[in-house]
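The structure under discussion appears below in the form of structure tokens.
A, B, ... follow the sequence lines: proteins, then strands. Residue 1 opens every chain.
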Protein chains: 2
Amino acid sequence: MDDALRAVADPTRRAIMELVRDGECCAGDIATRFPAMSRPAVSQHLKVLADAGLVDVRRDGNRRLYALRPEGLADAAGFIERMWSTQLRRLKEAVENE
Amino acid sequence: MDDALRAVADPTRRAIMELVRDGECCAGDIATRFPAMSRPAVSQHLKVLADAGLVDVRRDGNRRLYALRPEGLADAAGFIERMWSTQLRRLKEAVENE
DNA sequence: AGGCTGTGTAAGCAATGTCTTACACAGACT
DNA sequence: AGTCTGTGTAAGACATTGCTTACACAGCCT
């Protein structure tokens, strides 16, 4: 979970995830979506995401295709839900005490 | 969202959130739960959490009581759900193509 | 008033993270 | 074989983070 949450804490990486969310995308295409940043910078972000299990990588000849791997967020989602459920429980209690 | 996700990326801060999850807790009590760390370090983490809107602070005489504020995670939860839904949609499509 | 108790803040330092440029290397094309 | 295209990796500069110790200050108690 630690790797995933640390990876997701960066806005560029979140943007990349949104990009590859709807299907595979190759490194170069992803990089051109961030004109303000050099290509190696994007490549490093992709590595962080891959190491955290948030994206899958597949080689296709010359290129590398990246795709979202939502399961990587499972633990993070679990944490948030655990926090969230507190609110729901409190809400429930508040309603019951009405 | 950025502040919340950055705050949540730290394991100590997540532990603090779990601690104050079930009710208010004062700064000192929280700090004693982290014997490996100095009290000011914990105080700084609490500030980060408060600034990110993940905890509420309330003064009670001398002490400061912290409590979880789950709404602070709303945007983060939204992001995760947006990623997550991709998987669900794909799963659905896979089932339909069976 | 004076001295605890509880907490936040300031300054400084070591570790980490995020870029950039330069380079390496595999796969496609001629 | 030679070269181009696509992409990762290495090294280093710079900013940010997470700690520590020392200090500041408000609120209670006598």
> What is the per-nucleotide protein-contact pattern of nucleotides 7-18 of chain D, from the 5' end, where B denotes a base atom under 4.0 Å from a protein heavy atom, S denotes such proximity for sugar-phosphate atoms only, and - denotes neither?
Replying inline: BBBB------SS

> Looking only at side-chain N and O atoms, does Ser38(B) come under 4.0 Å of OP1 or OP2 in dT20(D)?
Replying inline: yes

>> Tell me the interatomic distance from Glu24(A), atom CD, to dG6(D), atom C1', rounded to whole angstroms.
In response: 16 Å

>> Using side chain to side chain contact (heavy atoms under 4.5 Å, CB included), reason through Ile30(A) and Val20(A) one step at a time and then give a plain yes or no.
In response: CA-CA 8 Å; Ile30(A) 296 173; Val20(A) 299; 3.7 Å; yes

> Who are the side chain to side chain donor-acceptor pair (under 3.5 Å) partners of Asp51(A), not counting sequence neighbours?
Replying inline: Lys47(A)

> Would you call Asp2(B) and Arg14(A) a salt bridge, using N to O less than 4.0 angstrom?
Replying inline: yes

> Would a hydrophobic clustering, with Ile, Leu, Val, Met, Phe, Trp and Tyr connected at side-chain separations under 4.5 Å, put Val48(A) with Val8(A)?
Replying inline: no

>> Considering only residues two or more places apart or on different chains, which pairs with a residue in residues 31-41 of chain B satisfy side-chain hydrogen bond (donor to acceptor under 3.5 Å, both in side chains)?
In response: none

